[in-house]
Q: 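So that we are looking at the same thing, I have put the structure below in structure tokens.
In listed order, ligands and their atoms are each counted from 1.
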Amino acid sequence: MALKDAAVSVKDVAALAGVSVGTVSNVLNRPERVSPETRDRVSAAISELGFVRNESARHLRAGSSRTVGLVVLDVANPFFTDVARGVEDTASAAGLAVILCNTDEKTAKENSYLDLLEEQRVRGILITPADEISDRLTDLRRRGTPVVLLDRKATGRDQCSVSVDDRKGGDLAVTHLLDSRHRRIAFVGGPTSIAQVADRLRGAKVAIKRAGLPDDALTVQIMEGLNVASGRLAIQQLLALPKRKIPTAVFCANDLLALGALQELSHQGVRVPYDMAIVGYDDIDFASAAMVPLSSVRQPRHQIGRTAAELLIEEADDTGGHKHRQVVFEPELIVRESSTRTRRA
Ligand code: RIB
């Protein structure tokens, strides 16, 4: 096979230019170290042979690359799409590409992706952990890969994180329902092993306690997933309760659950908000566009992504000035038709 067709190597370029492989590497990576006439000879050989540098091999040797990993719980959830957009805007402005990994809330899948990203020597990793911070993630950091927690507050000050005060978010949602005179309220969430869900539930319970109501004023419905199908199933289960136990309002741990709840209530002829009020969480774009515009606790999704990416790049390029920061944003309750009893005009 003619040399031109084979993968041209640095050795081939060095042979044609009559220099060492190290000189070729200097021309590619540290041209200021090479005399102009040698640079020209090597450049002529590169053009003649059609040599293309192998970035990933170079980065593997150098221990860094122009990619960052973004590991999310559910790529189908618009919350993470919006966060990913913030990450990508910041990463691309810094000349970095984003490798998106979807864990489906499974630790085993998360670990597989962490192995892959470490092999790729990514510049750093942004992650919403599927559960607690795993040993795998701790090891990865210890071996030198910067990690920023997304949508999860770091427990210590030795790690960067960007999150929202989810306890306050849960409190805002249920206080709003209590202020609307609801006294039988349900919390519909996913696995409480996901800290965000557990914190929203904690906030809901704080609001119930502050109102002087007994704990059982809040029915807790923990579903397998945080998606539309789980929202529909949760409503089927709540409507099957004895009549005096059926809630008049439901706070869902995210908007996908709330959209599923709206769908099922409509399917069963239950009027929202008159027979049952609904509040979601995230305030994704579909919330305001829902058949009954959805009240929701807004998370600043794009800003979460952007801020996390900025922290990661600062840590990865650290020349000694980086200080780990745990950024916590405030949630904001957006009230729409799904939880206000005022009749439609
Ligand atoms: O992934 C489940 C939920 O956690 C998302 O909807 C978002 O609220 C995140 O915080």
Q: List below, pair by pair, the N or O atoms of ligand 1 and of the protein that are less than 3.5 Å apart, including the distance to 0.1 Å; reply 'none' if no pair qualifies.
A:
from     : atom 1 : to     : atom 2 : distance (Å)
ligand 1 : 6 (O)  : Asn77  : ND2    : 2.9
ligand 1 : 6 (O)  : Asn254 : ND2    : 3.1
ligand 1 : 6 (O)  : Asp282 : OD2    : 2.6
ligand 1 : 8 (O)  : Arg200 : NH1    : 2.9
ligand 1 : 8 (O)  : Arg200 : NH2    : 3.2
ligand 1 : 8 (O)  : Asp282 : OD1    : 2.5
ligand 1 : 8 (O)  : Asp282 : OD2    : 3.2
ligand 1 : 8 (O)  : Gln299 : NE2    : 3.2
ligand 1 : 10 (O) : Asp151 : OD1    : 3.2
ligand 1 : 10 (O) : Asp151 : OD2    : 2.5
ligand 1 : 10 (O) : Arg200 : NH2    : 2.6
ligand 1 : 10 (O) : Gln299 : NE2    : 3.3

Q: Using the salt bridge (Lys or Arg N to Asp or Glu O under 4.0 Å) definition, which of the options Asp282, Asp151, Asp285 pairs with Arg301?
A: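 It is Asp285, the one option of Asp282, Asp151, Asp285 that forms the salt bridge (Lys or Arg N to Asp or Glu O under 4.0 Å) with Arg301.
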
Q: Hey, which of Arg200, Arg202, Arg152 is the one that makes salt bridge (Lys or Arg N to Asp or Glu O under 4.0 Å) with Asp166?
A: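 Result: among Arg200, Arg202, Arg152, Arg200 is the only option passing the salt bridge (Lys or Arg N to Asp or Glu O under 4.0 Å) with Asp166.
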
Q: Hey, is NE2 on His322 packed in by over 12 heavy atoms from elsewhere, all under 6.0 Å?
A: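 Counting other residues, nucleotides and ligands, NE2 of His322 exceeds 12 neighbours.
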
Q: Is the CZ atom of Arg157 crowded by more than 12 outside heavy atoms at less than 6.0 Å?
A: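 Open: at most 12 neighbouring heavy atoms sit under 6.0 Å from CZ of Arg157.
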
Q: Would the number of heavy atoms belonging to other residues, nucleotides or ligands and lying under 6.0 Å from CZ of Phe286 be above 12?
A: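 Result for CZ/Phe286: open.
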
Q: Taking only residues at least two apart or on different chains, which pairs with a member in residues 216-230 satisfy salt bridge (charged side-chain N to carboxylate O under 4.0 Å, His left out)?
A: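 Qualifying pairs: none.
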
